[in-house]
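Comments concern the structure below.
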Amino acid sequence: MTKTERDQRGGRTGRQERPGPEEPPEQGVPDRREQEAPDRPEQGPPDRPEQDEPQPTEQRDALRTREPRDWAWRVLDTPIGPLLLAATREGLALVAFHADERVVRRSLTRLRLAFGREPLPEIPHLATAADELARYFDSGLRAFTVPLDWSLSAGFNERVLRELAAHVPYGTVVGYQDLADRVGEPGAARAVGAAMGSNPLPVVVPCHRVVASDGGIGGFGGGLDTKRHLLALEGVLPQPLF
């Protein structure tokens with residue numbers, strides 16, 4: 001991120017050196033011992049191929065052929081570390097964990113490719129998302145109302161994430177297999193795990209609410225400590241003693 005970009009946005013980035021999102025979000029390494037289905041696509045193939053799920057090269061080609069779109073971004077400080085938020089005139093498009101300078105730089109490269117132009121200083125949906133996330137972390141918001149721009153997801157992944165966003169509310173959890181059943185793909189529990197790993201809108205689209213059927217916490221792209229924090233905030237897990 002250049003000095004001009006930093007001054008123009010006025011945001012602070014964190015200092016964590018944990019990896020962040022690129023193609024799709026590369027937001028951390030889940031603990032395989034606690035995992036029923038992978039939250040990162042590279043950790044295992046789906047139980048059966050999904051015909052409507054684009055391959056990464058196809059998705060990148062699709063992004064390049066879209067009309068240029070206005071977008072803006074900022075970094076929001078939160079109890080789980082800095083989050084990079086990006087929005088278009090359609091809605092919130094990206095939430096990236098651990099938004100240190102490297103994550104911001106890589107995310108902005110991806111967003112310039114996706115939207116075909118340089119960012120604007122501000123877009124109304126960006127301010128709405130920042131306000132709602134701040135209230136969520138203060139335990140004052142249970143349901144996000146900011147519109148969502150799904151252009152960084154597609155196919156099977158998008159179907160699963162839309163189901164999650166619409167029907168797994170605050171303070172509840174769902175299993176990988178149950179979520180696969182809900183989208184009419186009962187053999188695709190592992191593919192659901194991959195869809196969670198591809199989520200461009202974590203926290204707002206609550207992949208932290210997807211857990212293992214044996215009672216384990218499951219995997220999480222933002223790291224298991226982050227997942228535990230979010231589930232404790234929502235009352236699913238007890239708050240840590242210290």
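- In this structure, C207 SG and L161 CG are separated by 7.5 Å, a value rounded to the nearest 0.5 Å.
- The heavy-atom pair separating P82 from D77 by the smallest distance is CB-OD1, 3.9 Å.
- Between A127 and E122, the shortest heavy-atom contact is N-OE2, 3.8 Å.
- The shortest non-hydrogen separation linking V104 to A99 is CG2-O, 3.9 Å.
- Closest heavy-atom contact between V203 and I80: CG2-CD1, 4.4 Å.
- Residues R89 and D149 are not paired through a salt bridge, judged by the lack of any N-O separation under 4.0 Å between the basic side chain and the carboxylate.
- Between the N157 side chain and the A194 main chain, no donor and acceptor come within less than 3.5 Å of each other.
- Atoms OG1 and CG, on T88 and L148 in that order, are 10.0 Å from each other to the nearest 0.5 Å.
- The closest donor-acceptor contact from the side chain of H98 to the backbone of V103 lies at 3.5 Å or more, if one exists at all.
- Two residues are said to be in side-chain contact when any heavy atoms from C-beta on lie closer than 4.5 Å; L133 and V146 fail this criterion.
- Put simply, the side chain of R182 gets close to the backbone of H167: a donor and an acceptor are under 3.5 Å apart.
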Does L126 form a side-chain contact (heavy atoms from CB on, under 4.5 Å) with L85? I'd like the steps, not just the answer. CA-CA 7 Å; L126 187 61; L85 313 179; 3.7 Å; yes

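- Heavy-atom minimum distance, G116 versus P68: O-CB, 4.0 Å.
- You'll find the side chain of F97 reaches within 4.5 Å of the side chain of P202, heavy atoms only.
- Remark: the backbone N or O of R117 is paired with a side-chain donor or acceptor of W71 at under 3.5 angstrom.
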Show the numbers, then the answer: is there a side-chain contact (heavy atoms from CB on, under 4.5 Å) between L233 and L231? CA-CA 5 Å; L233 174 68; L231 291 175; over 6 Å; no

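- With a 4.5 Å cut-off on side-chain heavy atoms, E185 and V192 do not count as touching.
- Taking CG of D181 as the start and CD of E163 as the end, the distance is 11.0 Å to the nearest 0.5 Å.
- For the residue pair S153 / R162, no side-chain donor-acceptor distance below 3.5 Å is found, with atom types taken as modelled.
- Contact check for L92 versus H125: no side-chain heavy atoms found under the 4.5 Å cut-off.
- Contact record, I123 with A87: CD1-O, 3.8 Å, taken as the closest heavy-atom pair.
- A distance of 4.0 Å separates CZ of F115 from OG of S151, quoted to the nearest 0.5 Å.
- Residues F156 and V183 have side chains in contact (heavy-atom distance under 4.5 Å, counting atoms from C-beta outward).
- Salt-bridge annotation for R135 and D138: absent, with no side-chain N of the basic residue lying under 4.0 Å from a carboxylate O of the acidic one.
- Looking at L76 and V95, their side chains never come closer than 4.5 Å, going by heavy atoms from C-beta outward.
- Between atom CH2 of residue W150 and atom CD of residue E90 there is a gap of 11.0 Å, rounded to the nearest 0.5 Å.
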Can you list the steps and then say if R209 with E234 is a salt bridge (Lys or Arg N to Asp or Glu O under 4.0 Å)? CA-CA 10 Å; R209 296 176 193 160; E234 297 185 8; 2.9 Å; yes

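- E132 contributes no side-chain N or O that, together with a main-chain N or O of L141, makes up a donor-acceptor pair within less than 3.5 Å.
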How far apart are the C-alpha atoms of R110 and L152, what are their side-chain angles, what is the distance that settles it, and do they pass the side-chain contact (heavy atoms from CB on, under 4.5 Å) test? CA-CA 10 Å; R110 179 191 183 199; L152 299 182; 3.8 Å; yes

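- Considering only heavy atoms from C-beta on, Y176 stays 4.5 Å or farther from V174 through its side chain.
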Could you walk me through whether F137 and L230 pass the side-chain contact (heavy atoms from CB on, under 4.5 Å) check? CA-CA 9 Å; F137 284 110; L230 295 171; 3.8 Å; yes

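- In this structure, S198 contributes its side chain and A195 its backbone to a donor-acceptor pair below 3.5 Å.
- In this structure, the side chain of K227 does not engage the main chain of V211 through any donor-acceptor pair within 3.5 Å.
- With a 4.5 Å cut-off on side-chain heavy atoms, R228 and H208 do not count as touching.
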Begin from the C-alpha positions of F144 and Y170 and carry the test ring-ring contact (aromatic ring centres under 6.0 Å, His included) through to its verdict. CA-CA 10 Å; F144 293 97; Y170 186 102; 9.0 Å; no

